[in-house]
Each structure stands twice: as C-alpha cells, then as structure tokens.
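See structure below.
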Amino acid sequence: MPDDRRIAHIDMDAFFASCELSQYPELRGQAMVVAGRRSDAPRVNADGTREFARLRDYAGRGVLTTATYEARAFGVHSGMPTMQAARLAPDAILLPVNFDLYRTYSRLFKDAIRSVSPTIEDVGIDEVYADLSLLNDESEQIARKLKSAVFEATNLTCSVGIAPNKLLAKLCSDIQKPDGITILRLEDLQARIWPMAAKKINGIGPKANAKLTSLGITTIGEIAACSEQWLIEQFGRSYGAWLHRVSHGLDDRPVVTHSEPVSMSRETTFEQDLHAVRHRQELGTAFTRLCEQVALDLQRKGYLARRIGIKLRFNDFQTVTRDVTLPEPVADAKALRHAATQCLKRVDLVKSIRLLGVKAGGLQRPGATESDAPAQFTLDF
DNA sequence: TCTGGGGTCCTAGGACCC
DNA sequence: TCTGGGGTCCTAGGACCC
C-alpha cells in the first residue's frame with residue numbers, strides 16, 4: 001500500500017432530520033424527533049397548513065432514530081426509547097421515519113461525490129469514503145468541491161475529513177461536525193487524535209470501551225501508550241494487536257467500490273409480547289409475512305439463498321437464532337417458510353416472544369455455481 | 001413506560017475429510 | 001486399544017455499525 005494515500009470520509013450532517021426539514025421547512029428551529037410509525041405522519045388541513053404529532057402522543061416500543069439539536073437540549077438522543085424521550089420532551093414534534101425520502105437524498109448525495117471523486121465506498125445511507133489518491137488538487141480544495149457539489153445536489157450540508165487512511169479520515173470528519181472540513185497528516189496524530197475518546201474509533205463499541213475504562217484507559221493516546229504485548233494479554237491476539245495498530249493511526253484497508261450482499265433479513269417487534277400457544281394465530285400471520293418480505297427482497301434484487309434462519313427475542317430480551325443450510329438455494333416464500341419452520345421447531349417456546357425475524361444468507365445469483373465463488377483466486381496461466 | 005431494524009464480521013466447537 | 005493435525009463446513013452467539 002503506497003504511503004501517500006489520501007482518503008476522504010464524507011458524513012452528512014444530521015441526515016434524517018435534515019431530509020425531513022427539507023420537506024417541512026416550518027419545523028426549522030423546533031425540537032423534532034424522527035421515530036414511530038405511519039400513523040404519526042402529519043395531517044394536512046383544508047387551508048394547506050400541517051398538523052404534526054407530538055412526542056407525547058406516541059404509544060409503542062420503538063426508539064428514537066434521530067433528534068434535532070433543539071430536541072437534544074431536552075436530554076433526548078437517538079437510540080433512546082421513545083416513551084422515555086416523551087417524558088423528557090413531550091412537546092417535541094414527532095415524525096415517522098421515511099426511508100424512501102432518505103434513500104432519494106442518499107442517491108443524490110453519492111452521485112454528487114462521485115462527480116468530484118469517482119472512487120467511492122458506500123458505508124450506509126449517509127456516509128461514504130472516497131479515494132483521492134489519484135486527484136491532483138490540494139486536499140482543502142477537494143474538500144470544498146465535495147461540499148459544494150453535495151449542497152448543490154441536495155441543499156444539505158456535510159462534514160469532510162481527509163487523512164492518509166480510512167480510520168483517520170472517519171475520525172476527522174467528526175472533529176468539525178456540522179458543515180466542517182478537517183485535514184489531517186500523520187504528524188498531527190499526537191496533537192489531534194490521541195486526545196480523542198477511545199470509543200470514537202470504529203470498532204471500539206460499548207463492551208470494549210467498558211473494559212478499557214475498567215483498565216483506566218479512556219483516550220486513544222492512552223491506548224497508544226500501552227505495549228502491544230499487554231493489549232494482547234488483555235484483549236486477545238487479534239483484537240489486542242488491532243487496538244495497538246489503530247491507536248497509532250495505522251490502517252491499510254482499501255476503499256472498496258463494490259460489494260455483494262451477504263444476507264437479507266426482516267424482523268418485527270410486536271406491540272405486545274406474544275405467546276406461542278395463546279397467540280398462535282398472530283404469530284403465524286407475522287411469520288408468513290416476514291417470509292414473504294424476505295422472498296420479495298431476494299427476488300427484487302435477484303438472489304437465491306441457501307441458508308435460512310430465524311431470530312427470536314423473548315420478553316426477558318434473551319435472543320436466540322437458529323438456521324439451516326439447504327441442499328439447493330431458494331427464493332420463494334413457501335420454501336423460505338418451510339425452512340424457517342424447521343428452525344422454529346428447534347426452539348423451546350415457553351417464554352413470550354417480543355421479536356420475530358427471518359433471515360436469508362448464503363446468497364448466490366441464479367445460475368451461479370459453487371465454483372463461481374472462489375474464482376477470484378484462480379490464477380490465469 | 002425500558003431497550004428498532006438492517007446489516008457485517010468474528011469466534012468457537014463439532015462434524016467430517018484427507 | 002493411548003488417540004496427529006490440517007482444512008472446511010455447519011451452527012449459535014455476540015460485538016459492532018448506521
């Protein structure tokens with residue numbers, strides 16, 4: 001890997017909320033959250049004005065998808081149970097998630113980035129990496145071009161981080177959050193990255209962070225001060241060595257422009273926990289529906305699945321999965337349901353069920369054979 | 001009135017094969 | 001009848017990310 005790589009991470013600012021504000025500009029400056037279901041959609045009055053649901057009107061088991069800065073001032077944040085948020089900010093405007101809208105904006109934003117730098121990697125709906133190594137302009141100038149292209153296409157702002165690798169670019173784009181540009185050289189590691197919280201690193205989640213904290217480590221610099229040997233003793237060979245590398249700003253992952261899906265799944269959390277015997281009918285209906293949705297997803301995207309699985313979450317939040325590998329790949333709802341039912345029979349259904357999910361893995365394109373998968377490693381003599 | 005939905009990747013044990 | 005040692009597949013669970 002050449003050491004003169006230049007990678008950008010581009011992150012849309014408060015993406016879902018910003019998309020919604022473009023639809024409902026009258027909500028600008030108000031406390032607003034995105035959560036809930038279709039029934040929370042605003043109603044249009046005869047005079048064209050709109051009436052919005054309030055957080056206090058919400059009844060259900062969801063969590064906040066996002067919250068505007070005005071709403072965050074009440075102590076609510078994304079991921080918080082919506083019922084809990086309703087106690088803190090009962091008057092906040094409540095909007096249902098509108099993924100079709102976000103996908104539309106996502107396409108516009110990614111096309112805009114591509115027009116400036118064609119080599120991009122998708123990382124979810126609201127962020128991308130771009131490999132700038134082959135571009136001639138100064139980083140600062142590219143960052144401005146990226147931002148103005150995005151703004152022209154969407155009327156939305158984004159934050160850009162440019163650094164020698166993906167790890168640092170991602171950390172960078174978070175430094176100047178709304179509407180910012182941050183450019184980082186490897187020499188800046190100590191001054192700009194080491195003071196940051198360890199959990200800012202992609203891959204240090206709640207569990208790893210809790211363990212680091214229990215060892216007296218909270219910043220990236222404090223990880224860097226540990227020996228690799230000690231980190232391996234604490235976290236295992238693989239994760240310990242990785243912690244050591246990332247704390248020193250090292251990351252040679254390439255920008256991956258294309259990837260095939262690994263699995264497709266659908267799941268649903270019930271309004272009330274359902275019991276396998278008492279609510280047999282409702283469970284059966286939901287189960288069939290999930291299988292139909294997964295089958296439709298497979299067919300629309302043109303995949304067959306050889307591994308079918310289910311997921312159950314019980315009333316005590318214990319989660320179990322079962323899956324089965326089929327001799328032949330399938331994509332129709334009946335075959336999916338049959339395989340998923342076999343899986344269901346292997347679970348002890350004593351506790352009430354909170355969540356039910358169906359998943360299709362081992363994806364292949366129709367007509368592909370077993371030998372197609374490792375073909376990329378075939379040498380051509 | 002706790003805790004969504006859609007993903008990826010890793011680990012680890014047992015089966016099975018050479 | 002004292003018991004190796006890889007490699008791969010299958011399955012379950014868990015950490016993590018957006």
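Order of the sequence lines sets the chain letters (A, B, ...), proteins ahead of strands, with each chain counted from 1.
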Check your understanding: Closer to the 5' end of DNA chain C via nearest nucleotide, is it A/K359 or A/L326?
Key -> A/L326
Exercise for review: May I have the distance from A/N315 (atom CG) to B/dT3 (atom P), rounded to whole angstrom?
Suggested key: 12 Å
**Study point:** Sugar-phosphate only, base, or nothing, as touched by A/A35 at under 4.0 Å among non-hydrogen atoms
**Key:** nothing
Check your understanding: Does the ring of A/Y69 carry A/R72 above it, NZ/CZ under 6.0 angstrom from centre and within 45° of its axis?
Key -> yes
Revision key, fill the gap. Quick note, A/R61 side chain, CB onward, closest among C/dG13, C/dC10, B/dT3 is B/dT3
Point to revise | OP1 or OP2 of C/dC18 under 4.0 Å from side-chain N/O of A/N202 | key: yes
Study note, to complete from the structure: Note: for A/V262 and A/T82 on DNA chain B, the residue whose nearest nucleotide lies more 5' is A/T82
Exercise for review: State whether A/K170 places a side-chain N or O below 4.0 Å from either non-bridging phosphate oxygen (OP1 or OP2) of C/dC18.
Suggested key: yes
Point to revise | Closest to the A/R266 side chain, choosing from B/dG6, C/dG13, C/dA12 | key: B/dG6
Point to revise | Touch class at under 4.0 angstrom, heavy-atom based, for A/R307 against every strand present | key: nothing
Practice item. Report yes if at least one side-chain N or O of A/T65 is closer than 4.0 Å to OP1 or OP2 of B/dG4; otherwise report no. Key: no
Review point. Nearest-Å distance, CZ (A/R56) to C1' (B/dT1)?
Key: 17 Å
Practice item. Look at A/S265 and B/dG7 and indicate whether a side-chain polar atom (N or O) is within less than 4.0 Å of OP1 or OP2. Key: yes
Revision key, fill the gap. Against the side chain of A/E127, the closest entry in C/dC16, C/dC18, C/dC10 is C/dC18
Point to revise | Distance, rounded to the nearest Å, where A/D323 contributes CG and C/dG13 contributes P | key: 10 Å
Review point. At under 4.0 Å, does any side-chain N or O of A/R354 touch on OP1 or OP2 of B/dT3?
Key: yes
Study note, to complete from the structure: Partner of B/dC18 under the Watson-Crick or G-U wobble criteria, both distances under 3.5 Å, comes out as C/dG5
**Study point:** A/S263 side chain near B/dT8 phosphate (N/O to OP1/OP2, under 4.0 Å)
**Key:** yes
Check your understanding: For atom P, what is the distance between B/dT1 and C/dC18, given to the nearest Å?
Key -> 33 Å
Review point. Base, sugar-phosphate, or nothing: which does A/M264 touch, judged by heavy atoms less than 4.0 Å apart?
Key: sugar-phosphate
Check your understanding: A/V63 near the nucleic acid: base, sugar-phosphate alone, or nothing, with a heavy-atom cut-off under 4.0 Å?
Key -> base
Check your understanding: Where does the angle between the aromatic ring planes of A/F109 and A/F15 fall among parallel (under 30°), tilted (30 to 60°) and perpendicular (over 60°)?
Key -> tilted
Review point. C/dT8 C1' sits how many Å from A/R306 CZ, rounded?
Key: 13 Å
Practice item. Indicate syn or anti for B/dC2, taking the glycosidic torsion and treating anything within 90° of 0 as syn. Key: syn
Review point. Which residue lies toward the 5' end of DNA chain B, A/S238 or A/E260, if each is placed at its nearest nucleotide?
Key: A/E260
Study note, to complete from the structure: Out of B/dT3, C/dG13, B/dG4, minimum distance to the side chain of A/P81 belongs to B/dT3
Point to revise | A/R253/A/D251 ion pair, N-O < 4.0 Å | key: yes
Study note, to complete from the structure: Rounded to the nearest 0.5 Å, the CD1 atom of A/I201 sits from the OG atom of A/S247 at a distance of 7.0 Å
Practice item. Side chain of A/T325 only, please: which of C/dC18, B/dG5, C/dC10 is the nearest? Key: C/dC10
Exercise for review: Spell out yes or no: do the side chain of A/R322 and the base of C/dT11 have one donor N/O and one acceptor N/O closer than 3.5 Å?
Suggested key: no
Check your understanding: Syn or anti for C/dT3, with syn set at within 90° of 0?
Key -> syn
Point to revise | Between NZ on residue A/K359 and CD1 on residue A/I308, distance to nearest 0.5 Å | key: 11.0 Å
Review point. If we take the P atom in both B/dA15 and C/dG4, what is their distance in whole Å?
Key: 16 Å
Review point. Quick one: A/E271 CD to B/dG5 C1', roughly how many Å, whole number?
Key: 15 Å
Exercise for review: Would you mind classifying the nucleic acid contact of A/L64 as base, sugar-phosphate or nothing, using non-hydrogen atoms under 4.0 angstrom?
Suggested key: nothing
**Study point:** B/dC2 phosphate, OP1 or OP2, under 4.0 Å from A/R87 side-chain N/O
**Key:** no
Exercise for review: Could you check how far CD of A/Q84 sits from P of B/dT3, rounded to whole Å?
Suggested key: 10 Å
Practice item. Measure the distance from CE on A/M80 to P on B/dC2 and round it to the nearest whole Å. Key: 15 Å
Study note, to complete from the structure: CG (A/L344) and CZ (A/R337) are apart, to the nearest 0.5 Å, by 8.5 Å
Study note, to complete from the structure: Checking B/dG7, C/dC16, C/dA12 against the side chain of A/R346 (C-beta onward), the nearest is C/dA12
Point to revise | Aromatic ring pairing A/Y239/A/W242, orientation class (parallel under 30°, perpendicular over 60°, tilted between) | key: tilted
Review point. In whole Å, what is the span from the CG atom of A/L312 to the P atom of C/dA12?
Key: 12 Å
Check your understanding: Contact class for A/V97 (heavy atom, under 4.0 Å): base, sugar-phosphate, or nothing?
Key -> nothing
**Study point:** Mutual orientation of the aromatic rings belonging to A/H9 and A/Y129 [parallel < 30°, tilted 30-60°, perpendicular > 60°]
**Key:** tilted
Point to revise | Nearest-nucleotide pick for A/Y239, side chain only, options being C/dC16, C/dA12, B/dG5 | key: C/dC16
**Study point:** Per A/P261 side chain, nearest of listed nucleotides C/dC18, B/dT8, B/dC2
**Key:** B/dT8
Review point. So does A/T319 get a side-chain nitrogen or oxygen closer than 4.0 Å to the phosphate oxygens (OP1/OP2) of C/dG14?
Key: no
